[in-house]
J.: 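Structure provided below as structure tokens; questions to follow.
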Number of protein chains: 2
Amino acid sequence: MQYHLGMADTQPLVAALDQAGYRLTETRRAVAELIAEREGHFTAADLVGEARDRRLGIGRATIFRALDLFADLNVLERLDLPTGEHAYVPCEPAHHHHVVCSRCGRTTEAQDHGLQVVVDDIARRTGFAIETHRLELYGICPACRATPAR
Amino acid sequence: MQYHLGMADTQPLVAALDQAGYRLTETRRAVAELIAEREGHFTAADLVGEARDRRLGIGRATIFRALDLFADLNVLERLDLPTGEHAYVPCEPAHHHHVVCSRCGRTTEAQDHGLQVVVDDIARRTGFAIETHRLELYGICPACRATPAR
DNA sequence: GCCTGTACCGAGACTGGATCTCAGCAAAAG
DNA sequence: CTTTTGCTGAGATCCAGTCTCGGTACAGGC
């Protein structure tokens, strides 16, 4: 079975599967392709629709399973957009945060220099033992800033 | 129609409706009561169940509408828990962040002293014009820390 | 190259949260 | 009191995500 897809870089996704000992199936490569072709964030429904349009014959459940898997391997992160939608973004496995363009939806990763101080401060003030945190930023990306608002 | 509920403080919720020019209906007061009685976060399903148990005769849709309304008025915030659940927390209208206890679910508000510096730094590095941000912290609250892990 | 155990897959039923529709009702204004 | 308009309940509907299960194909051993 061959899917004849494009050339987008699936390497990080596929490599993560391999390293973690998961099977490198054609289906998973195809899902990796669909993900790699995307710019910005996407929803599970986007991928399901795309797979259906291209007659790839990939089941709905399989796409959700692949997304969960990539998320577990930290090469994909699940975002909760302000609208309430759930979206996914491919990313590096290291701890970081996302900056989301509220116009075009593209995302960038950001290091949280100095955030630890803020977290520690909040821990001290509230008495909580902070285990994890999540910072999401929304704004207009450089490309969209360069073009007049549509 | 009277609902005969308790004495929890619904004032901030009701006042927000009034100020924004919405009608102060018995139903909305009742939903405000249900919210005010809660500790920590709660889900829409919690309120729907509570209303049904008490035979308040409030429809499912009405509860969702009220939640949306309060959220728009910034007296209620919708949280996306790490589990994927959607929860609500009553809060002050001012900008702030939430600290959620991952054991008992209680929440506290926190000021983001120093966070603006981090946000500005990320804006400079990424070139984004940051409009809003959301910081959520998860940890163990003082009360839960005081009791041995169950 | 072939066999075998097991991970993986597709299809479709199922679940549960959230939304929509619409006729009836009730709050605020005159 | 009457009118206007916003609000409400019931239930249909929608849709994301999960589960089940029979069948498939990968990887490792021979």
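Everything numeric here is computed off the predicted structure, so don't read it as measured data. Naming convention: chains lettered A, B, ... in sequence-line order (proteins, then strands); numbering from 1 in each chain.
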J.: Could you tell me whether R52(A) contacts a base, only the sugar-phosphate backbone, or nothing, with contacts defined as non-hydrogen atoms closer than 4.0 Å?
T.: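 It contacts nothing in the nucleic acid.
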J.: Check this one for me: any side-chain N or O of T62(A) less than 4.0 Å away from OP1 or OP2 of dC8(C)?
T.: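 For dC8(C), OP1/OP2 do not have a side-chain N/O of T62(A) under 4.0 Å.
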J.: Looking at R28(A), does any N or O in its side chain come under 4.0 Å of the phosphate oxygens OP1/OP2 on dC8(C)?
T.: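 Yes, such a contact exists.
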J.: Quick one, L56(A) and L34(A) - any side-chain contact, counting heavy atoms below 4.5 Å?
T.: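 Yes. Closest side-chain heavy atoms under 4.5 Å.
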J.: Between D68(A) and R78(A), is the closest basic N to carboxylate O distance under 4.0 Å?
T.: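 The answer is no: the pair does not qualify as a salt bridge.
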J.: Just how large is the angle between the end axes of the helix from dG1(C)-dC30(D) to dG30(C)-dC1(D), five pairs per end, to 10 degrees?
T.: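 One end's axis against the other's: 40°.
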J.: Are OP1 or OP2 of dC9(C) and a side-chain N or O of T25(A) less than 4.0 angstrom apart?
T.: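 So the side-chain polar atoms of T25(A) do come within 4.0 Å of the phosphate oxygens OP1 or OP2 of dC9(C), strictly under.
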J.: Tracing side-chain links under 4.5 Å among I, L, V, M, F, W and Y, which residues wind up in one group with L137(A)?
T.: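 Direct or chained contacts put L137(A) with V99(A), L115(A), V118(A), V119(A), I122(A), F128(A), I130(A), L135(A), V99(B), L115(B), V118(B), V119(B), I122(B), F128(B), I130(B), L135(B), L137(B).
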J.: Side-chain donor or acceptor of R23(B) under 3.5 Å from a matching atom on the base of dA28(C)?
T.: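 No, the side chain and the base share no sub-3.5 Å donor-acceptor pair.
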J.: Can you check whether R78(A) has a side-chain N or O nearer than 4.0 Å to OP1 or OP2 of dG17(D)?
T.: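 Indeed, a polar side-chain atom of R78(A) lies that close.
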J.: How long is the line joining CD of E26(B) and P of dC25(C), in whole Å?
T.: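 That distance rounds to 17 Å.
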J.: With nearest nucleotides of DNA chain D determined for G21(B) and Y88(A) from heavy-atom distances, which residue corresponds to the more 5′ nucleotide?
T.: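 The residue whose closest nucleotide sits nearer the 5' end is G21(B).
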J.: Starting at atom CG of L17(B), determine the distance to atom P of dG6(D), rounded to an integer number of angstrom.
T.: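 Rounding to the nearest Å, CG of L17(B) and P of dG6(D) are 16 Å apart.
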J.: What I want to check is whether the side chains of D112(A) and Q116(A) have a donor and an acceptor closer together than 3.5 Å.
T.: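 On atom types as modelled, these side chains do not qualify, holding no pair under 3.5 Å.
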J.: Measure distances between side-chain N and O atoms of R60(B) and base N and O atoms of dG16(C), and say whether any donor-acceptor pair falls under 3.5 Å.
T.: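 Checked by distance alone, the answer is no.
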J.: Test H97(B) against every option in H133(B), E109(B), E77(B) by the side chain to side chain donor-acceptor pair (under 3.5 Å) rule and name the one that passes.
T.: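 When side chain to side chain donor-acceptor pair (under 3.5 Å) is applied between H97(B) and each of H133(B), E109(B), E77(B), only H133(B) qualifies.
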J.: Which residue lies toward the 5' end of DNA chain C, Y22(B) or F64(B), if each is placed at its nearest nucleotide?
T.: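 The residue mapped nearer the 5' terminus is F64(B).
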J.: I'd like to know if F42(B) and L13(B) are part of one continuous hydrophobic network [Ile/Leu/Val/Met/Phe/Trp/Tyr, side-chain heavy atoms within less than 4.5 Å].
T.: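 Yes, L13(B) connects to F42(B) through the hydrophobic network.
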J.: Would one find a side-chain N or O of H86(A) under 4.0 angstrom from OP1 or OP2 of dA16(D)?
T.: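 Result: no.
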J.: Taking any heavy-atom pair under 4.0 Å as a contact, classify A61(B): base, sugar-phosphate, or nothing.
T.: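 Counting heavy atoms under 4.0 Å across all strands, the contact made by A61(B) includes a base.
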